[in-house]
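Naming: A, B, ... by sequence-line order, numbering from 1 per chain. Only this structure's heavy atoms are used, side chains among them; waters, hydrogens and symmetry mates stay out.
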Amino acid sequence: MTSLTQKLSVIVGEAFEAQDLPRELGAVRVSDRPDLCQFQCNGAMGAAKQAKKNPREVAQGIVDVLAADDRFGSVEIAGPGFINLKVSDSYLQAHLSDVQDNIRMGIAMSGGGQTAVLDYGGMNVAKAMHVGHLRSLAIGDCLKRMMRFAGYEALGDIHLGDWGLQMGQIISEFAIRYPQWPYFDANFEGEYSADAPFEYSELEEVYPLASQACKDDEARLELARVATAELQNGRRGYVALWRHFIALSIADIRRNIEPLGIDFEIWKGESDVNDLIPEISDDLKSKGVLEESNGAQVIAVEREGDNKDVPPLMFFKSNGAATYGTTDLATIYDRVKTYPALTHLVYETDIRQNLHFEQVFRAAERAGYADDITLKHIGHGTINGTDGKPFKTREGKAMTFRDMVVACREKADARLAEANLDDDIDQDELDDIAAKVTCAALKFAELSNQAHMDYVFDLDRMTSFEGKTGPYVLYQAVRIQSLLKKAGVDTDGRIDLNITDADRSLALLLTELPDHFDMALKHYSPYVLCDYAYKIAQEFSSFYGNCHILSEEDEAIRTSRLALCALTHRQLVLVLELLGIEVPARM
RNA sequence: GCGCUCGUAGCUCAGGGGAUAGAGCACUGGUUUCCGGAGCCAGGAGUCGGAGGUUCGAAUCCUCCCGAGCGCACCA
């Protein structure tokens with residue numbers, strides 16, 4: 001099945017065709033003027049332009065065809081040539097009955113048989129997660145959920161930042177702190193401990209110190225460079241120590257993301273492609289793609305018609321070392337080999353990496369590594385504070401991810417304490433509710449903004465139960481649950497609907513789901529789903545506030561309204577699920 | 001210098017060729033013998049950064065300008 005606007009577009013398109021006009025002009029969309037009509041088609045004006053005719057006359061020809069169709073309640077011409085449409089209640093009811101019956105509620109399986117790898121999160125070993133990671137995690141996770149629902153085999157890859165100079169910086173810092181450790185004894189031949197001799201907290205603390213020290217002191221930087229090279233050459237002690245870094249970092253990342261319902265299928269890192277680099281290098285050379293430039297080995301990626309300078313991709317630096325361009329290109333090579341059905345490779349990172357990914361994608365194309373694969377970079381902007389500048393703690397430092405979650409949880413706890421929840425909610429359930437409200441507040445605030453834009457992070461606003469927030473949408477979903485429970489009727493199956501004036505706009509809104517889903521997927525835009533979820537919540541709340549359902553005396557209308565509530569709930573839960581937000585049983 | 005993004009109500013943001021530019025917050029007023037009032041209903045509030053242009057029609061497309069942010073090979 002398809003969405004209602006798609007069905008209407010076919011009907012109106014056929015009417016255009018009957019007038020020897022292109023059927024695409026029959027595209028129908030939800031009306032901009034709900035006071036006048038439910039749906040509109042603007043094709044008559046375009047057709048008139050092409051045919052040099054009077055647009056109202058063209059529209060009249062279409063209207064004459066459609067007027068007799070009992071799927072429409074009214075068909076009118078307005079203004080310069082708008083075709084204004086209302087569907088008949090019987091047609092609307094029949095459509096929604098199909099939606100009730102359909103487990104996917106009309107959403108198409110557009111990704112069947114295709115594999116997508118999504119690269120998001122951007123976390124690094126030994127580096128504390130900060131607020132910016134919320135963006136990439138929430139968006140990437142949502143895109144994965146959408147693609148999965150569309151039928152893709154969608155895999156999230158953390159692509160951990162576990163390689164490069166930072167690793168040498170940390171190793172050398174530990175070497176200074178604990179020279180007695182066997183990791184630094186080149187002659188040590190025993191087994192290294194399976195457990196790290198330090199805590200994650202120390203690791204996290206060491207990184208910024210080491211990084212700063214290397215900036216301040218050339219000799220210190222040289223130590224880090226040497227350590228990096230030795231690690232990458234497989235020095236036993238360094239590798240063992242480095243493995244501790246990774247294990248502790250992954251444990252910390254899991255602690256941070258699990259409460260938010262975020263996970264990865266692939267836990268590889270930059271280091272995992274290290275062994276592939278020689279063969280890729282040979283391959284690039286044999287293809288004549290790799291060239292020497294100022295002592296470095298690069299891949300030229302500028303193109304004819306470029307309106308800007310696109311620098312070459314740095315493959316080997318002049319000292320022979322790999323860069324993140326090297327590992328990103330090698331990772332494409334690896335993923336394409338690993339997943340034969342791969343069709344989409346999606347990256348969600350800070351938007352400032354846009355040029356880098358353009359270089360990598362062009363290099364992949366030149367090397368022939370990603371033929372017939374869609375390479376897509378979704379960049380996100382900065383999270384700002386209420387002052388409009390990049391979000392910082394009161395002390396002026398970057399806020400850590402866990403502090404942000406804790407702060408949000410505290411707000412959520414406070415809000416819940418103000419509310420009059422049921423008396424029989426015990427502490428475990430309260431914790432569960434608070435966790436879900438926190439997650440909803442954070443993710444909805446994040447995802448309701450367009451990714452490429454900067455946005456203002458305002459805890460008070462996003463945790464509010466009023467306005468366009470996660471908690472408001474959850475609250476409406478919970479009210480429906482409560483209502484359905486009280487009604488105690490089975491509303492899951494196909495139930496004949498009786499649309500009335502009081503519930504028609506909610507019914508119409510529920511026909512829009514596939515359109516919004518398709519739009520969100522096509523443009524990799526979770527905010528479209530947030531908008532729709534909010535509209536459903538609002539429209540339901542209005543309906544709920546304006547007519548009493550359980551006391552409705554007309555049995556057919558009561559049943560119909562309960563079924564509509566059930567369908568509203570199904571849609572809301574589905575959309576929230578796609579956003580990565582869970583609804584508590586009550587709140 | 002070249003390029004990218006943004007500029008819409010007091011604030012945060014939708015709308016990206018079509019009708020009277022929409023939401024939320026804030027503000028004002030109304031609303032509860034009844035399904036959860038964390039609700040609902042109503043109201044005021046906008047030279048769509050500016051100037052030209054294309055078009056029957058521009059917040060939307062084009063050009064230029066102004067303002068803000070960001071990026072331009074050996075950090076990732």
Asker: Find the partner of B:rC34: check Watson-Crick (N1-N3 plus N6-O4 or O6-N4) and G-U wobble (N1-O2, O6-N3) distances, both under 3.5 Å, and reply none if neither fits.
Answerer: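 Pairing partner: none.
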Asker: Classify the nucleic acid contact of A:Q40 as base, sugar-phosphate or nothing, counting any heavy atom under 4.0 Å across all strands shown.
Answerer: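 Here A:Q40 touches the bases of the nucleic acid.
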Asker: Counting heavy atoms from C-beta on, name the nucleotide in B:rC74, B:rG36, B:rG39 closest to the side chain of A:K317.
Answerer: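 Nearest listed nucleotide: B:rC74.
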Asker: Let me know, please, whether A:Q353 or A:G46 comes out on the 5' side of the other along RNA chain B by nearest nucleotide.
Answerer: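 Closest to the 5' end, via its nearest nucleotide, is A:G46.
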Asker: Which part of the nucleic acid, if any, lies within contact of A:K535, taking any heavy atom under 4.0 Å across all strands shown: a base, the sugar-phosphate backbone alone, or nothing?
Answerer: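 A:K535: no heavy atom of the nucleic acid under 4.0 Å.
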Asker: Hey, is A:Y544 doing a stacking thing with B:rG39, by the 5.5 Å centroid and 30° angle criteria?
Answerer: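 No; by the centre-distance and plane-angle rule, A:Y544 does not count as stacking on B:rG39.
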Asker: Considering only the P atoms, how many Å lie between B:rU47 and B:rG39, rounded to the nearest integer?
Answerer: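 Rounded to whole Å, the distance is 31 Å.
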Asker: Under 30°, 30 to 60°, or over 60°: which ring-plane class applies to A:H356 and A:Y324, parallel, tilted or perpendicular?
Answerer: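 A:H356 vs A:Y324 ring planes: parallel.
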Asker: Using only heavy-atom distances, decide whether a donor-acceptor pair under 3.5 angstrom links the side-chain of A:N84 to the base of B:rA19.
Answerer: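 Answer is yes: a donor-acceptor pair is held.
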Asker: Using the P atom in both, what is the distance from B:rG49 to B:rA9, to the nearest Å?
Answerer: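 Rounded to whole Å, the distance is 8 Å.
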Asker: Using both distances under 3.5 Å as the test, list the Watson-Crick or G-U wobble partner of B:rG22, or none.
Answerer: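 The answer is B:rC13, by the H-bond criterion.
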Asker: If I pick the C1' atom on B:rC72 and the same atom on B:rA58, what distance separates them, to the nearest angstrom?
Answerer: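 34 Å, rounded to whole Å.
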Asker: Stepwise, does the side-chain hydrogen bond (donor to acceptor under 3.5 Å, both in side chains) test hold for A:T469 with A:R461?
Answerer: CA-CA 8 Å; A:T469 69; A:R461 207 176 71 204; over 6 Å; no
Asker: Would you check if A:F457 and A:E446 make a side-chain contact, meaning some heavy-atom pair closer than 4.5 Å?
Answerer: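 The answer is no, as the side chains (C-beta and beyond) never meet within the 4.5 Å cut-off.
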Asker: With hydrogens left out and only the distance checked, is there a donor-acceptor pair under 3.5 Å joining A:K308's side chain and the base of B:rG1?
Answerer: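 Checked by distance alone, the answer is no.
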Asker: Looking across every strand, which nucleic acid part, if any, lies under 4.0 Å from A:S293 by heavy atom: base, sugar-phosphate, or nothing?
Answerer: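 Base, at least one base heavy atom under 4.0 Å.
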Asker: Identify the nucleotide, in any strand shown, that forms a Watson-Crick or G-U wobble pair with B:rU5, with both distances under 3.5 Å; if there is none, say none.
Answerer: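 Pairing partner, where one exists within any strand: B:rA68.
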Asker: Quick one: label A:C547 by what it contacts on the DNA or RNA (base, sugar-phosphate, nothing), any heavy atom closer than 4.0 Å.
Answerer: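 Base contact.
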Asker: So does A:S541 get a side-chain nitrogen or oxygen closer than 4.0 Å to the phosphate oxygens (OP1/OP2) of B:rC40?
Answerer: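 Yes, within the criterion.
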Asker: Begin from the C-alpha positions of A:L313 and A:T323 and carry the test side chain to side chain contact (heavy atoms under 4.5 Å, CB included) through to its verdict.
Answerer: CA-CA 9 Å; A:L313 185 79; A:T323 73; over 6 Å; no
